[in-house]
> 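Dropping a structure here in structure tokens format, bear with me for questions.
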Amino acid sequence: MKNLWKIFKAGLIFENPLLVLMIGICSSLAVTSNVSNGLGMGLAMTFVLLFSEIFISAFRKVIPNGARLPIFIIIIAAFTTIVDLVMKAYFPALSKSMGVFIPLIVVNCIIMGRVEAFSSKQKVLPSIFDALGMGLGYTWVLIVISAVRELLGNGTFAGIQVMPASYTPILFFILPPGGFLIFGLLMAANNGIKSALKKREARQAKQLPDMREAKENA
Amino acid sequence: MKSSVKLGLILAIFAATACASLAIVYQITKPAIEAQEGQALASSLKELFPEAESHEDITSAVTSTDPSVTIQNAFLVKSALAPLGVAIKATGASYKGPATLLVGVRLDRSITGVRVLDLSDTPGLGGNASNATYYVNKENKITFPGQFTGKYITDKFEVKSDVIPITAATVTSKALTKIVKTASASAGAWLESMALGGAAPSATSGASVKEGQ
């Protein structure tokens with residue numbers, strides 16, 4: 001159980017696909033001009049990632065090594081098309097604003113990377129946790145980037161006006177350079193969190209033998 | 001040789017399964033997608049022609065007067081009693097990719113309204129064309145597409161002359177104006193060919209009679 005939690009946590013912070021592995025960045029910068037897009041894209045991506053990992057992990061013994069990449073792509077493409085159709089049917093506004101980026105999930109390197117590196121070698125349960133960790137890791141980064149960009153660049157949050165009317169939106173944040181800037185700052189923040197967590201772990205690891213020693217002495 | 005046949009076979013099985021499952025999802029979502037599209041169309045036609053009751057697809061009969069603007073769909077909008085006008089969904093190139101507008105033209109050759117259906121231009125600049133609170137005429141609260149309402153299809157449609165551009169988005173302003181001009185001219189041409197409605201601007205009324213014969 002602890003191991004599964006570790007796998008899940010890795011995707012969120014230590015191996016965050018966007019901030020640490022730095023894959024799948026193109027879509028993350030393109031759709032994050034408002035919060036609902038960021039959230040929708042993140043969830044769509046998590047869905048595709050989850051089901052692709054489950055399927056590929058379940059069939060990993062039947063998938064021949066020589067034809068694994070085309071088979072991965074077929075499975076990923078099938079789930080992406082399902083998401084695309086479902087969104088068109090039930091969330092038309094969202095599907096319209098994300099445009100071409102939903103079909104492009106097929107070629108998102110995060111999915112291909114996780115499927116190849118993780119679920120094609122692991123059992124189903126760890127794969128589920130890996131997919132959830134990676135997917136939610138992707139989603140939270142998208143939400144944070146899009147929240148900052150929408151708030152500063154448009155004065156709204158998820159389409160609702162929050163900034164006072166006197167606030168002049170800073171266009172820069174909606175435009176691609178603003179996306180890059182916030183992305184870079186987030187990367188730095190994540191590195192800070194990472195090293196703080198590592199330090200804490202190291203300290204705890206040091207304290208444990210000390211305590212044992214103290215007990216033995218007593 | 002044998003192993004490559006086996007690989008192909010396994011690949012084919014995966015592909016066939018994926019196809020089958022997609023076919024099922026497609027069948028399930030198809031009515032919902034069509035309903036969504038139909039509803040979106042009906043409500044936008046209703047916005048252009050509040051009296052609209054029904055519409056008839058005339059896409060195949062309307063041809064674009066400018067090859068750089070494509071006419072996606074065209075509808076003859078009718079009230080319970082008589083035809084009201086033509087609505088045209090037209091696509092043309094704008095600053096950051098294609099833009100799609102819906103243009104309504106009354107029988108008297110005036111524009112009832114323009115709706116921006118699809119525009120991917122820079123938010124805050126060209127994207128303001130689809131922003132309902134961005135006014136090109138601040139005193140009268142007229143939006144960029146809103147300013148076309150009431151214009152006649154024989155007007156000039158020239159940015160900075162009879163069309164107010166969006167600040168810092170000349171390319172978008174010109175591109176959208178061109179789409180409106182082409183769509184309304186195409187609608188006018190179709191109305192002429194069907195000899196529908198008396199053309200209000202005097203210059204065109206004679207032509208309509210001639211073409212009618």
> With a 4.0 Å cut-off on N to O distance, would you call Lys151(B) and Asp162(B) a salt bridge?
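Salt bridge: yes.
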> Sort out for me which of Leu85(A), Val86(A), Ile82(A), Ile174(A) touches chain B most, counting heavy-atom pairs under 4.5 Å.
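Top count of heavy-atom pairs under 4.5 Å with chain B: Leu85(A).
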> Which bit of Phe59(A) is near chain B, if near means a heavy-atom gap under 4.5 Å: side chain, backbone, both or neither?
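Interface part for Phe59(A): side chain.
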> Which atoms of Leu171(A) are under 4.5 Å from chain B, going by heavy atoms: the side chain, the backbone, both sets, or neither?
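Interface part for Leu171(A): side chain.
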> Flag the pair Ile145(A) / Val148(A) as yes when at least one side-chain heavy-atom distance between them is below 4.5 Å, and no otherwise.
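They are not in side-chain contact.
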> With respect to chain A, which residue among Leu125(B), Val25(B), Ile28(B) yields the maximal number of heavy-atom pairs within a distance under 4.5 Å?
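Heavy-atom pairs under 4.5 Å are most numerous for Val25(B).
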> Give each N or O donor-acceptor pair spanning chain B and chain A at a distance under 3.5 Å, with atom names and distance to 0.1 Å, or state none.
| residue | atom | partner | partner atom | Å |
| --- | --- | --- | --- | --- |
| Gln36(B) | NE2 | Ala89(A) | O | 3.1 |
| Leu117(B) | O | Lys96(A) | NZ | 2.9 |

> Looking just at side-chain N and O atoms, do Lys156(B) and Ser161(B) make a donor-acceptor pair shorter than 3.5 Å?
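Judged by distance alone, the side chains do pair up.
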> Within a reach of under 6.0 Å around CZ of Phe75(B), are more than 12 heavy atoms found that belong to other residues, nucleotides or ligands?
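Counting neighbours around CZ of Phe75(B), more than 12 heavy atoms of other residues, nucleotides or ligands fall under 6.0 Å, so yes.
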> Listed by chain and number, what are the salt bridge (Lys or Arg N to Asp or Glu O under 4.0 Å) partners of Asp66(B), not counting sequence neighbours?
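Testing Asp66(B) for salt bridge (Lys or Arg N to Asp or Glu O under 4.0 Å), a comparison that skips the adjacent residues, returns none.
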> Taking the basic N atoms (NZ, or NE/NH1/NH2) and the acidic carboxylate oxygens, is any pair closer than 4.0 Å for Lys174(B) and Glu158(B)?
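Here Lys174(B) does not pair with Glu158(B) in a salt bridge, since their nearest N and O are not under 4.0 Å apart.
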> Can you check whether Phe47(A) and Phe51(A) have ring centres sitting under 6.0 Å from each other?
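Between Phe47(A) and Phe51(A), the centre distance is under 6.0 Å.
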> Run the side chain to side chain contact (heavy atoms under 4.5 Å, CB included) check on Leu76(B) and His55(B) step by step: do they pass?
CA-CA 6 Å; Leu76(B) 175 63; His55(B) 56 264; over 6 Å; no
> Measure distances from Pro92(A) to the heavy atoms of chain B and classify the residue's part below 4.5 Å as side chain, backbone, both or neither.
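Interface part for Pro92(A): side chain.
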